[in-house]
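Working notes for the structure below.
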Number of protein chains: 2
Amino acid sequence: MTETRKTFTRAPAGERREALIRATLALMAEVGPAAATVRAIAERAGISQGMIRHYFQTKEDLIGAAYEWHMRGLTGATDAAAGPVGGSARQQLARFVAAALTPPVIDAQAMSLWAGFIHMVLRDPRMRAVHERTYRHFRDRLQDLIDAALREAGRPAPPALARRHAIACNAVLDGLWLEGCALPEAFGPGELTGIGLTAVAAILDLDLAAAGAPSTKAGTA
Amino acid sequence: MTETRKTFTRAPAGERREALIRATLALMAEVGPAAATVRAIAERAGISQGMIRHYFQTKEDLIGAAYEWHMRGLTGATDAAAGPVGGSARQQLARFVAAALTPPVIDAQAMSLWAGFIHMVLRDPRMRAVHERTYRHFRDRLQDLIDAALREAGRPAPPALARRHAIACNAVLDGLWLEGCALPEAFGPGELTGIGLTAVAAILDLDLAAAGAPSTKAGTA
DNA sequence: TGCGCAATCATGCAAGCGTATAATTTCTGC
DNA sequence: GCAGAAATTATACGCTTGCATGATTGCGCA
């Protein structure tokens with residue numbers, strides 16, 4: 001007659017934390033930020049709602065951890081595409097640009113998720129720190145690639161100019177990312193990548209056409 | 001002994017609707033999206049909470065109306081700055097760029113507000129329609145200015161190219177807008193405008209330096 | 001002036017929220 | 001194989017939420 005509890009197995013702390021973070025992100029992305037309630041998150045993670053408070057001091061802490069996780073994933077995907085290996089600096093830059101404008105980085109849910117977080121950046125110092133770090137990391141990576149490409153072309157840029165180049169190119173990527181995510185059907189296949197490469201090339205006065213994107217009109221086979 | 005009710009005066013419907021919309025935006029911007037509850041909104045508007053349901057079928061309707069209002073204000077501010085009057089096409093374009101990268105368009109709360117809305121764009125068709133219309137309007141305006149500036153320079157662009165130019169320049173503005181709003185202290189005074197003008201100029205292969213922004217190093221008085 | 005309608009206010013309700021706590025279960029070390 | 005600690009479940013609490021309803025009040029129109 002005793003109502004039986006759900007049986008369970010213990011898991012390492014990291015695993016549980018990750019499960020909760022993934023569940024949070026999935027709910028926010030699929031249904032919207034408001035859907036990420038402690039109950040829904042716990043259910044999605046397959047554990048009881050008490051676990052949230054067991055692994056995070058407060059729900060806000062969990063949200064913060066999820067934000068960091070998401071941004072790390074987003075910049076990581078672009079980073080990886082440029083790769084430490086392979087090709088000229090120009091080609092690496094082109095690959096970086098193309099990666100930033102192609103799935104999985106271009107993704108409506110990823111943007112929705114990002115937007116759902118961003119308002120916290122203005123209010124929570126910890127969130128702000130994550131934002132600042134992520135942004136800087138991405139831009140620095142871009143600046144390094146730009147620097148290398150310009151040096152390769154025999155036109156090394158002084159630091160101040162390199163910084164301005166990086167900010168401008170970063171803006172192009174951010175802007176196209178936004179538009180590509182929010183209105184995917186407004187652009188033809190490969191169009192975003194093409195425009196991104198052209199714009200970055202124009203800003204740097206550097207030819208990137210032949211370099212990276214397999215989806216542009218491409219060269220002769 | 002009878003507890004006395006709050007006295008009130010009747011107001012035209014439009015006025016009440018506007019008051020509710022303004023209150024919604026103010027709360028979302030200042031405190032965050034979650035703070036815009038029916039009770040808080042009504043209090044801020046100085047009326048009782050029943051009025052929300054009296055003027056809007058549901059809270060979601062109010063949010064939708066507020067979104068439309070906000071976006072109209074944002075694009076309107078940039079539009080106005082370029083102005084129907086005055087100067088060469090090049091100068092108008094430069095003013096447009098500068099306006100998009102200067103307060104009140106560059107504003108942390110405006111961006112936070114925008115982000116708070118954006119996740120609804122993916123789910124609510126009406127919100128999506130507003131987003132699409134706003135985006136298109138802004139980009140078309142930009143494309144017209146670009147078109148005129150290129151014609152003026154004796155290099156008219158075929159439609160397909162003009163479209164690509166508009167998309168790229170729009171991305172620059174969007175990206176710089178984001179970064180300028182989210183990390184205002186990361187840029188020096190006038191730096192955003194300077195970078196924006198330079199980038200747009202590079203993309204269009206057009207000199208905009210002397211044209212528009214009073215905050216760049218500027219000409220002799 | 002006074003009637004009637006619609007605008008406005010006040011209050012109530014069920015549901016859902018984040019958090020707290022106590023009861024159970026699993027697992028480790030001896 | 002057993003004791004104790006830690007992980008996990010289950011449930012309760014106080015609050016807030018969006019929405020509904022009924023009482024009241026201001027105001028145009030005769």
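No hydrogens, no waters, no symmetry mates; every other heavy atom, side chains included, goes into these values. Each chain gets a letter, A, B and so on, in the order its sequence line appears, and its residues count up from 1. Just so you know, these numbers come straight off a predicted model, no measurement behind them.
The distance between atom CD of Glu43(A) and atom P of dC17(C), rounded to the nearest whole Å, is 11 Å. Between the NZ atom of Lys6(B) and the C1' atom of dA7(C) there is a distance of 13 Å, rounded to whole Å. One can place CD1 of Ile41(A) at 14 Å from C1' of dG16(C), the figure rounded to the nearest angstrom. One can place CZ of Phe8(A) at 5 Å from C1' of dT26(C), the figure rounded to the nearest angstrom. One can place CD1 of Ile47(A) at 14 Å from C1' of dA10(D), the figure rounded to the nearest angstrom. Atom CE of Met51(A) is separated from atom P of dA6(D) by 14 Å (rounded to the nearest Å). Put simply, CD on Glu60(A) is 12 Å from P on dG18(C), counting in whole angstrom units. Following rounding to the nearest Å, Phe56(A) (CZ) and dA7(D) (C1') show an atom-to-atom distance of 15 Å.
Side-chain N/O atoms of Ser48(A) include none lying less than 4.0 angstrom from OP1 or OP2 on dA10(D).
In terms of polar N and O atoms assigned as donor or acceptor, the side chain of Arg5(B) comes within less than 3.5 Å of the base of dA23(D) in a complementary pairing. With hydrogens and angles left out, the side chain of Gln49(B) and the base of dC9(C) share no donor-acceptor pair within 3.5 Å. Donor-acceptor pairing under 3.5 Å, judged by distance alone, is absent between the side chain of Arg16(A) and the base of dA7(D).
Checked against dT8(D), dT19(C), dC9(C), the side chain of Tyr55(A) finds its nearest nucleotide in dT8(D). Side-chain atoms of Arg10(A) lie closest to dC27(C) of the nucleotides dA6(C), dC27(C), dT17(D).
Counted by atom type alone, His165(B) and Asp147(B) present zero donor-acceptor pairs between their side chains at under 3.5 Å.
Nucleic acid contact class of Arg39(B) (heavy atoms, under 4.0 Å, all strands): base. Nucleic acid contact for Ile52(A): none, since no nucleic acid atom lies under 4.0 Å from a heavy atom of the residue. If you check every strand for non-hydrogen atoms under 4.0 Å, Ala13(B) touches nothing.
Looking at Trp69(A), its side chain never comes within 3.5 Å of a backbone N or O of Arg22(A) through a donor-acceptor pair. Counting only distance, with no hydrogens or angles, the side chain of Trp177(B) and the backbone of Leu101(B) share no donor-acceptor pair below 3.5 Å.
No more than 12 heavy-atom neighbours from other residues, nucleotides or ligands sit within 6.0 angstrom of CZ on Arg72(A).
Each of Thr9(B) and Thr58(B) has a nearest nucleotide on DNA chain D; the 5'-most of these lies closest to Thr58(B). Nearest-nucleotide assignment on DNA chain D puts the 5′-proximal partner with Ala11(A), out of Thr7(B) and Ala11(A).
If you run side chain to side chain contact (heavy atoms under 4.5 Å, CB included) between Phe96(B) and each of Ile146(B), Asp144(B), Leu173(B), only Leu173(B) comes through.
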